[in-house]
Amino acid sequence: MKPRVRFAPSPTGNVHIGNIRAAIFNWLYARHTGGTFLLRVEDTDLERSTPEAIRTLLDCMEWLKLDYDEPVVYQTTQVKKHLAAAEKLLADGRAYKENKGGKGDCVIFRMPKDGDVAYRDLVKGEMRKHATDTQDFVIVRSDGSPVFHLANVVDDITQGVTHVIRGDDHVENTFKHIELFKALGAEPPQYAHLPMIVNHMGKPYSKRDGAAFVGEFREQGYLPDALFNFLVLLGWAPGDDREIMSREELIAAFTLDRCKSSAARFDLKKLTWMNGEYIARMPRAAYLDEILPRLDAAGLPREPLNGMAQELFDQIQPRTKKFSDFPRNCVYCFTEAYPFDDKAVSKRLKGDGALDNLLAAQAAFEQVQDWTIDSTTAALHALAEQTGKNLGAYVHPVRVAVSGVMEGPGLFELLVLLGRERVLSRMSQTALRLQSGTL
RNA sequence: GCGCCCAUCGUCUAUCGGUUAGGACACAAGAUUUUCAUUCUUGGAAGAGGAGUUCGACUCUCCUUGGGCGUGCCA
C-alpha cells in the first residue's frame, strides 16, 4: 500500500519554518515513496483562521512548490464526524462525561489503566509509556466543540493517513492518539517525529525572535529552492557530503531513517550562503525577473546608465547573496545620485594623500581615449610605477569616487561598465566635494 | 514534582565497535603583483562528565549534568 501523508497546519496568518519543515518532510516522503501528499487545514480556531490566513498558507505552499495530490480538506467541514466518533466512544464506554468546574459536560477519553502504550517511531525508535503515566483527556469541550486530539485522529482515519510525520512536540500526544485510533477500531498510522528547529540561541522560537516565518524569507529575497534545501538539511543529511541538492536529488535520497532526533539551530548565515549559491546558478532570465521589479520599486530605470546590462549582471549576479541586497549593491550603475558609504569615504578618500592620488589617477585616465579594461589597467599601472606607489593607492580612491562603496566588480570592469565620460566626471565631482568639505 | 525525548568543531552534520573523527557554514591567514560579495590554498576548531561491557567505544548499558517536550476543556 502506498503511503498517504499529510500536512495539517492551523492557519494563523503566518507560516512558521518549523511547520513548513514538517510539510517539506511529508512532501519528500510522499514523493520518494510514490505516495500521496495531502493538505488538511485545521481551521477550527475561527478567530485566527481567517480567509487571509488560509490564503497566506496556500501561497506559502505554492511558493515552496509543495504540491498536494488531493483537494484541500478543511477541518471545520468534518465536525460531524468528530462528534459521531465521540458518541461512539461514549457508547462503547471508552469515554465518559463529566462536569468539571461547572462549565457543563465535556467528553473525556479513557486511557488504559494498566499495561504499556508503545509504538515504534520511525525516527526515534521504540517509544513506551506505562499506562499509569498516562491520563484521561478531554475530547469534546463543554461547548460541544471537538478538541484537537479527536479531530486530528478522526480526520487521519477518514483520509486514510498511513504515516504521521510531525514535530517532536507531539510525541506525548502520540500515546493518546494511538489509543484513540484503537478505540475507534482503526489501525494507528506509523509515526515519525522530527526534531525541533530552535533559534540561533538554541532556544525554542518565541514571538520575539522574528525571521521565523516563511513570508519574511520571501520578502527578504530568499529563493524558495534555497530555503527548501536549507530546511531539509536541518535534521536530515544524505549521508554523503552533498549539501546543495536539487529537488530530484533530495527526493531520491530522502528517507526517514536518516532523520536525526536532536534539535537543530537555525543558522541564517548558512542559509544566506546557500541562497547566494542558488542565485549564482540561476538562469539570467529568472534573475532578471527578480531584479527588475526591485529596480522599479527603488524608482530606478531598468537599464543601467551606460547600457551594458549583460556585462553588469555578469558581475553582480554571482555577488548577490539575497535579493534584498539589490539594487543597493549597484545603485551607482543606475543613477548619478548614488550614496557614499561613510566608512568607505573616511577610509579611502580622506586618508593621507587620497585626494592627490585621485586627482593623479584622473589625469592619467584623461589620457586614455580607447576606454577598455586593458587600457585603463595599463594607465593606472603606469602611474603607480611612475610614482612608486602601490596600485592600491589609486585603485581604492577611484573605486569609492565612482561607486561610493568599497565592494563590487573588479575596478577596471567597473570603469568600463560606467564608461569613460561618466568615470571622469564622477572623479572630478568627488574631488570637488572633498576639496569643499561637502563629503 | 512526575513522565518522555535529546547530547560530535561556534553552527548544520558524517560516522551504524577499530578513522590522523570527514564535509559544509562561519571565523583567521595567504594567493589571485586592485576591492570582495567571486575563485583557490592553508589554519584553528568537536565526541558534556563518570562508571560499566569489550581485545578495542563517539558508537552499546547505567548514572550524573545540561537542554527540550508534555502534564484533563491550546493546537
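In what follows, every chain begins at residue 1, and chains take the letters A, B, ... in the order their sequences are listed. The basis for the numbers below is simple: all heavy atoms, side chains too, and nothing from hydrogens, waters or symmetry mates.
Among the heavy atoms of the strands lying under 4.0 Å from A:E98 is at least one base atom, whether or not backbone atoms are also near. Note on A:H170: a base of the nucleic acid sits closer than 4.0 angstrom, heavy atoms only. At the heavy-atom level, A:Q135 lies under 4.0 Å from the strands shown only through sugar-phosphate atoms. A:I108 comes within contact range of at least one nucleobase, with a heavy-atom separation under 4.0 Å. Using a 4.0 Å heavy-atom criterion, one finds that A:H149 contacts the bases of the nucleic acid, with or without backbone contacts as well. Here A:P409 lies in heavy-atom contact (under 4.0 Å) with a base. In this structure, A:M274 reaches neither bases nor backbone, as no heavy-atom distance under 4.0 Å exists between it and the strands shown.
Remark: A:K269 is not in phosphate contact with B:U11, judged by side-chain N or O atoms under 4.0 Å from OP1 or OP2. For A:R166, no side-chain nitrogen or oxygen approaches OP1 or OP2 of B:A75 to under 4.0 Å. Here A:R258 reaches the OP1 or OP2 of B:U15: one of its side-chain N or O atoms lies under 4.0 Å away. Here A:R40 does not reach the OP1 or OP2 of B:A75: none of its side-chain N or O atoms lies under 4.0 Å away.
Classified by interplanar angle (parallel below 30°, tilted 30° to 60°, perpendicular above 60°), the ring pair A:Y191/A:Y119 is perpendicular.
For B:C27, the paired nucleotide is B:G43, the pair qualifying as Watson-Crick or G-U wobble because both relevant distances are below 3.5 Å. The partner of B:U34, taking Watson-Crick or G-U wobble pairs whose two distances both stay under 3.5 Å, does not exist in any strand shown. When both distances must be under 3.5 Å, the Watson-Crick or G-U wobble mate of B:C62 is B:G50. Pairing partner, B:C69: B:G3, with both Watson-Crick or wobble hydrogen-bond distances short of 3.5 Å.
Between A:H130 and A:F175, the gap from one ring centroid to the other reaches at least 6.0 Å.
Among B:C25, B:G70, B:C36, the nucleotide with an atom closest to any side-chain atom of A:K270 is B:C25.
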